[in-house]
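Supplied in structure tokens, the structure appears directly below.
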Amino acid sequence: MVSNRQVMAMLDELVELTTLDEGSPQSFKVRAYERARRAVENLGREVARLEPKEIQGIGGIGKSIAASISEFCETGRVARLENLRSKYPAAFRELTRIPGLGPKTVKMIRRELGVESLDDLLAALADHRLRDLPGLGATSEAKIARAVERLGLAGKDRRTPLVSALPIGETLRRDLSRLEGVEAVEVCGSARRFRSSVADLDLVVAADPSRWSEVMDTVAAHPLVEETLLSGTTKTSVLTRGGLGVDVRVVAPSQLGAAMLYFTGSKAHNVRLRQLAMEQSRLLNEYGLFAEGEDRPVASETEEEIYAALGMDWLPPEIREDAGEIEAALDGRLPRLVTVGDIRGDLHFHTDRSGDGRSSPMQMVEAAIRAGMEYVAITDHGEDLAINGLSRAEMEAHRREIARLGERYPEIELLFGCELNIGADGDLDYDADYRLGFDWCVASVHSHYDLAPRRQTERLLRAIADPAVSAIGHLTGRMLGRRPGIELELDPVLEEMAAREVALEVNGALDRLDASPEVVRRAVAAGVMLVVSTDSHHTTELRRMSYGVSNARRGWATAESVLNTLSREDFIARVRSGRLPRGLHRAGQIGTSVEVGGDGQPRRMRDLESGPRRGWRKPGRSLS
Ligand code: DGT
Ligand code: CA
Ligand code: CA
Ligand code: ZN
């Protein structure tokens with residue numbers, strides 16, 4: 001049966017291709033597909049089980065899209081989509097992922113220069129043929145050339161963002177897990193290590209050998225798969241419709257651990273492990289760890305057994321990069337990395353009160369409670385974000401609503417916050433005094449991505465210096481595979497954050513994963529506190545927390561370096577006593593109620609005695 005996820009993938013592809021066809025993401029048709037996709041996402045039932053009439057009855061799905069969904073559920077195909085696919089082959093679609101190349105421009109370049117693929121584009125760029133096209137010019141040409149280069153799209157280096165690859169891996173995992181005789185399916189390779197992009201997916205399937213051929217056939221016939229590149233008895237390599245390679249290996253269940261270890265990599269990590277085995281007169285390969293000359297492995301069934309036999313603790317896949325993890329594990333000084341179970345609160349959280357949020361404050365608060373959060377900072381956009389932000393008057397109404405929700409749901413602490421927009425020169429929304437009335441402000445970049453690094457650095461330093469700012473959200477603003485993000489001088493920025501006790505956000509949105517693991521590791525070393533946040537705009541997005549945590553783990557983050565692992569009491573005590581966040585005593589979240597003066601400003605109810613300072617700082621560092 002066709003799953004909702006497959007229907008969503010089909011609608012996503014229609015969004016992409018219709019945007020291209022119509023020349024704009026704002027077209028009525030595109031918006032209709034997006035609405036339908038969200039409706040399926042939030043359905044809570046299997047759409048394939050519904051009659052065509054019932055599908056049409058779902059809010060957000062019109063008659064013609066309902067017909068396409070039924071067609072897809074019955075036949076696995078949609079005529080409309082097939083037409084678009086033949087009009088826009090995969091090689092051509094790839095061009096739209098290049099920043100600066102909108103759908104109108106790629107179509108124009110195709111029409112004028114016959115550019116059908118990335119290779120064609122590279123050739124046209126090399127001959128400077130783009131600059132003479134209407135509306136382009138030498139500056140645009142140079143920008144496009146730079147974007148192609150920075151995204152690493154050229155040639156064999158092509159990588160797929162994790163956000164696109166992971167759902168494909170999950171779908172294959174689920175569909176293969178259902179086969180009889182299959183004991184485990186693990187997505188390994190760089191996806192398991194949580195690299196932000198992958199060259200291909202690597203699946204390891206543990207199954208009884210009598211079932212192996214069926215596993216292979218199922219992979220080859222899978223609706224996501226376009227073409228089989230290579231196939232044998234234990235290994236197959238396929239290409240998905242989107243052009244992503246998938247390597248699948250089948251192994252006996254007794255060899256699962258050895259195969260997972262091998263195919264998770266990284267190559268550098270594997271090389272070091274094999275050397276280590278050799279020093280112990282043993283052999284490590286994808287089938288197990290063997291004593292010299294023996295056929296029966298010392299260990300093979302689980303990764304834990306193999307690492308233990310080599311004399312070390314199991315290593316989290318996220319840090320298997322030969323970046324010091326093996327030495328640390330051998331010495332028994334591997335840090336205990338933060339886990340999603342350690343997280344107690346979410347500090348970047350939207351509601352539909354700002355334009356891009358899609359669930360009401362009440363729905364979001366209830367979702368946070370269901371997710372086990374003890375505290376949440378509601379951080380809707382400030383007024384500077386033209387389409388999305390809240391004016392002061394709207395913000396004050398919002399403040400009152402959140403305070404009421406706080407009373408209604410005592411099981412969760414609601415901080416009243418704001419996502420401040422960092423302007424081109426580091427200026428922030430509202431004015432300095434008004435900003436101090438928030439309990440928690442996350443400040444982030446949403447525009448001006450192309451400024452010189454020095455200017456970006458100064459821009460951030462200015463935002464960090466603002467006493468209302470508690471954390472910097474998605475530091476670079478990158479969108480993986482689409483937008484490179486700002487370039488800045490990291491060291492002065494991290495120093496300033498450490499000095500001013502401004503936290504660095506690890507944003508859990510899979511297409512951001514910002515800050516990157518490299519930055520996370522340097523931030524922790526520089527004494528900067530982290531927060532892992534979901535930046536949820538809908539109740540379904542709270543699950544991003546686990547992605548944020550994986551990304552933080554890849555940067556070696558421990559629970560001690562993540563502020564939102566503190567319990568509710570400790571977190572409140574901590575933020576009350578320190579510089580962050582500053583407004584709690586005013587907005588009345590802690591045992592006081594909000595009072596707003598005639599000027600729309602929150603009025604201080606009473607000064608709170610300062611609570612104990614709970615340590616997220618390294619010992620020996622002063623807090624004030
Ligand atoms: P990527 O490039 O994003 O696909 O990265 P990986 O790490 O998934 O690389 P991939 O797909 O070429 O191989 C998957 C894993 O298989 C890799 O992490 C380690 C293992 N592997 C593959 N080839 C070799 C090799 O030549 N030597 C060793 N030691 N391990 C290998
Ligand atoms: Ca791979
Ligand atoms: Ca591979
Ligand atoms: Zn946000």
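Predicted, not measured: the structure shown is a model, and the values here were computed from it. Every number for a ligand or one of its atoms is a count from 1 in the order of the listing.
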Once you measure the plane-to-plane angle for Phe416 and His398, does it fall in the parallel (<30°), tilted (30-60°) or perpendicular (>60°) bin?
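The arrangement is perpendicular - the two ring planes meet at more than 60°.
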
Distance-only side-chain donor-acceptor flag, Asn421 / Asp429, under 3.5 Å
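There is no such pair (donor and acceptor under 3.5 Å, judged by atom type) between the side chains of Asn421 and Asp429.
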
Check the orientation of Tyr434 and Phe438. Use parallel for under 30°, tilted for 30 to 60°, and perpendicular for over 60°.
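The arrangement is perpendicular - the two ring planes meet at more than 60°.
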
Donor-acceptor pair, side chain of Tyr375 and main chain of Phe571, under 3.5 angstrom
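Checking the backbone N and O of Phe571 against the side chain of Tyr375, no donor-acceptor pair under 3.5 Å is found.
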
Check: His537 ring centroid to Phe349 ring centroid under 6.0 Å
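Ring-ring flag for His537/Phe349: false, centres at least 6.0 Å apart.
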
Protein N, O or S within less than 2.8 Å of the Zn ion (ligand 4), waters excluded
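The answer is His348 NE2, His350 NE2, Glu419 OE1, Asp535 OD1.
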
Please determine, by modelled atom types, if His538 and Glu41 share a side-chain donor-acceptor pair under 3.5 angstrom.
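His538 vs Glu41: no donor-acceptor pair found between side chains.
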
With the Ca ion (ligand 2) as the centre, enumerate protein N/O/S atoms below 3.0 Å in chain and residue order.
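N, O, S partners closer than 3.0 Å: Asp200 O, Asp200 OD1, Asp202 OD2.
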
Would you please name every residue forming a side-chain contact (heavy atoms from CB on, under 4.5 Å) with Thr539, sequence neighbours left out?
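Listed in chain order: Ser359, Gln363, Met364, Ala367.
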
Test of ring centre spacing under 6.0 Å for His348 and His350:
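Under 6.0 Å, so yes.
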
Can you name the residues that form a salt bridge (charged side-chain N to carboxylate O under 4.0 Å, His left out) with Glu318, not counting sequence neighbours?
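Partners of Glu318 under the salt bridge (charged side-chain N to carboxylate O under 4.0 Å, His left out) test: Arg553.
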
